[in-house]
Amino acid sequence: MVLTRRIIPCLDIKDGRVVKGTNFIGLRDAGDPVELAERYNEQGADEVVFLDITASKENRGMIIDVISRAADRLFLPLTVGGGIRSLDDIKRTLRAGADKVSMNTSAVEDPSLIEQGARAFGTQCIVVAIDVRRNMSDNPDAAQVTLKDGTTCWYEVVTYGGSKPTGIDAVKWAQEAEERGAGEILLTSMETDGTKDGFDIPITSRISDTVGIPVIASGGVGTLEHFYDGFVYGKADAALAASVFHYGELTVSEVKDYLLERGLPIRPPMRR
């Protein structure tokens with residue numbers, strides 16, 4: 001059975017508003033999260049992701065009111081991340097209407113939270129978000145990844161919205177997350193985030209080859225072809241994008257039509 005590839009708009013939320021930047025900085029306002037999510041619902045998005053990007057850094061909980069509003073008005077799966085630090089946080093987020101929770105910083109600092117969540121609510125509810133950046137230093141214990149120009153590096157996991165390096169190898173961390181019960185990996189490269197130069201194919205492909213659970217490619221989409229590249233060369237199961245959707249450069253329907261024309265298994269967009 002061929003699984004359809006998913007197109008997922010991502011809404012980075014700060015102070016209750018959708019924001020978008022480049023390389024995790026330079027944030028600018030993009031609108032109300034629920035109104036934007038409704039637009040993507042109408043366009044035929046397969047899922048929507050809400051990420052409260054400053055919740056961990058500001059040491060506060062998730063925006064439950066936004067989740068509840070969205071759940072009341074959307075008819076597609078909703079993944080929510082940011083500020084989830086305990087099993088109770090997972091429970092409250094799911095009860096507010098989320099279908100899945102995404103954990104990044106908290107999973108790195110307490111990997112047992114992945115296992116707790118998977119046991120309590122099922123692996124299908126647990127997404128481990130991995131933010132990475134290239135590290136050119138010598139590290140014989142890390143998985144070496146060859147870049148487009150032929151150089152090699154390893155990818156380091158970063159936390160707290162990309163502000164804290166961890167020294168953890170991203171490939172090994174993805175494997176551990178799967179072993180602990182993660183149902184999906186949401187992979188974002190700091191190098192490509194917001195650049196519109198395309199996904200970071202080398203690390204996306206490497207992790208897709210390494211784990212047996214779905215990998216969501218994130219960070220860098222600027223053109224229709226970038227989606228195709230993420231699926232074909234990055235071997236991703238889903239492609240996540242933000243600014244190209246938020247600012248009207250592309251619609252979910254346009255992306256799906258393009259990918260269908262190129263022969264990829266995509267759920268057709270909604271037609272009015």
Side-chain angles (χ1 to χ4, degrees), residues 4-14 16-22 24 27-53 62-63 66-67 69-82 97-102 104 127 129 131 184-189 192-196 198-199 204 214-231 234 236-260 264 266-272:
T4 56
R5 303 295 188 258
R6 291 170 288 152
I7 304 299
I8 306 176
C10 178
L11 293 80
D12 291 340
I13 299 173
K14 183 178 187 294
R17 300 284 292 179
V18 177
V19 294
K20 192 58 191 142
T22 302
F24 289 25
L27 303 179
R28 55 185 175 134
D29 188 90
D32 176 76
V34 178
E35 290 178 2
L36 281 174
E38 281 188 299
R39 180 198 304 171
Y40 304 139
N41 187 86
E42 293 170 358
Q43 293 175 4
D46 297 295
E47 298 179 24
V48 169
V49 172
F50 282 0
L51 294 180
D52 188 338
I53 60 173
M62 187 58 209
I63 40 174
V66 174
I67 302 168
R69 275 202 301 136
D72 286 341
R73 292 159 64 176
L74 300 179
F75 298 96
L76 77 175
L78 173 63
T79 299
V80 176
D99 298 279
K100 308 174 191 177
V101 296
S102 173
N104 184 344
V127 179
D131 294 340
E184 288 184 281
I185 299 294
L186 170 52
L187 177 67
T188 305
S189 170
T192 60
D193 178 71
T195 63
K196 298 185 181 178
F199 291 119
T204 304
V215 173
I216 305 168
S218 169
V221 167
T223 68
L224 291 169
E225 190 172 8
H226 290 156
F227 286 95
Y228 180 85
D229 292 345
F231 289 128
D237 299 272
L240 181 146
S243 58
V244 291
F245 292 143
H246 300 340
Y247 301 116
E249 297 164 45
L250 295 173
T251 67
V252 174
S253 301
E254 288 172 339
V255 173
K256 288 194 163 191
D257 284 339
Y258 171 81
L259 295 173
L260 284 167
L264 290 186
I266 299 291
R267 185 170 64 88
M270 297 177 68
R271 304 296 183 193
R272 291 191 171 224

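Note that the structure is predicted; figures quoted are calculated from it, not measured.
Applying the side-chain contact (heavy atoms from CB on, under 4.5 Å) criterion to A241, with sequence neighbours excluded, gives V221, F227, V244, F245. Residues passing the side-chain contact (heavy atoms from CB on, under 4.5 Å) test with T204, sequence neighbours excluded: L187, S208, A217, A236. Not counting sequence neighbours, the partners of E47 by the side-chain hydrogen bond (donor to acceptor under 3.5 Å, both in side chains) test are R6, K100. Remark: E225 pairs with T223, D229, Y258, R262 by the side-chain contact (heavy atoms from CB on, under 4.5 Å) rule, at least two apart or across chains. In terms of the salt bridge (charged side-chain N to carboxylate O under 4.0 Å, His left out) criterion, residue partners of D46 (sequence neighbours excluded) are, by chain and number, K256, R267. Partners of R69 by salt bridge (charged side-chain N to carboxylate O under 4.0 Å, His left out), not counting sequence neighbours, listed by chain and number: D32.
At least one side-chain heavy atom of L51 sits under 4.5 Å from a side-chain heavy atom of C10. Side-chain contact between V80 and V101: absent, with no pair of heavy atoms (C-beta onward) separated by less than 4.5 Å. Side-chain contact between L224 and L250 is present, with at least one heavy-atom pair separated by less than 4.5 Å. Side-chain atoms of R5 and L259, non-hydrogen and from C-beta on, never get closer than 4.5 Å to each other. Considering only heavy atoms from C-beta on, S189 comes within 4.5 Å of T192 through its side chain.
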Go through N41 and L76 one step at a time and tell me if the side-chain contact (heavy atoms from CB on, under 4.5 Å) criterion holds. CA-CA 7 Å; N41 187 86; L76 77 175; 3.0 Å; yes
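Among residues at least two apart or in separate chains, salt bridge (charged side-chain N to carboxylate O under 4.0 Å, His left out) pairs with a member in residues 70-81 are E38-R73.
Put simply, CG on N104 and CG on L186 are 8.5 Å apart, with the number rounded to the nearest 0.5 Å. Atom CZ of F231 is separated from atom CZ of F199 by 7.0 Å, given to the nearest 0.5 angstrom. The OG1 atom of T188 sits 6.5 Å away from the CG atom of L240 when rounded to the nearest 0.5 Å. How far OG of S218 is from CD1 of I185: 13.0 Å, rounded to the nearest 0.5 Å. Here the CZ-CG distance, from F50 to L11, works out to 5.5 Å after rounding to the nearest 0.5 Å. Once rounded to the nearest 0.5 Å, the distance linking CG of L74 with CD of E42 reads 10.0 Å.
The side chain to side chain contact (heavy atoms under 4.5 Å, CB included) test with P77 singles out one residue from V48, I8, D99, and that residue is D99.
Closest heavy-atom contact between G97 and L78: O-CD2, 4.5 Å. Of all heavy-atom pairs spanning P269 and L260, the tightest one is CD-CD1, 4.1 Å. Summarising the geometry of V252 relative to P9, their closest heavy-atom pair is CG2-CG, 4.0 Å, with the distance given to 0.1 Å.
Here the side chain of H246 pairs no donor or acceptor atom with the backbone of V18 at under 3.5 angstrom.
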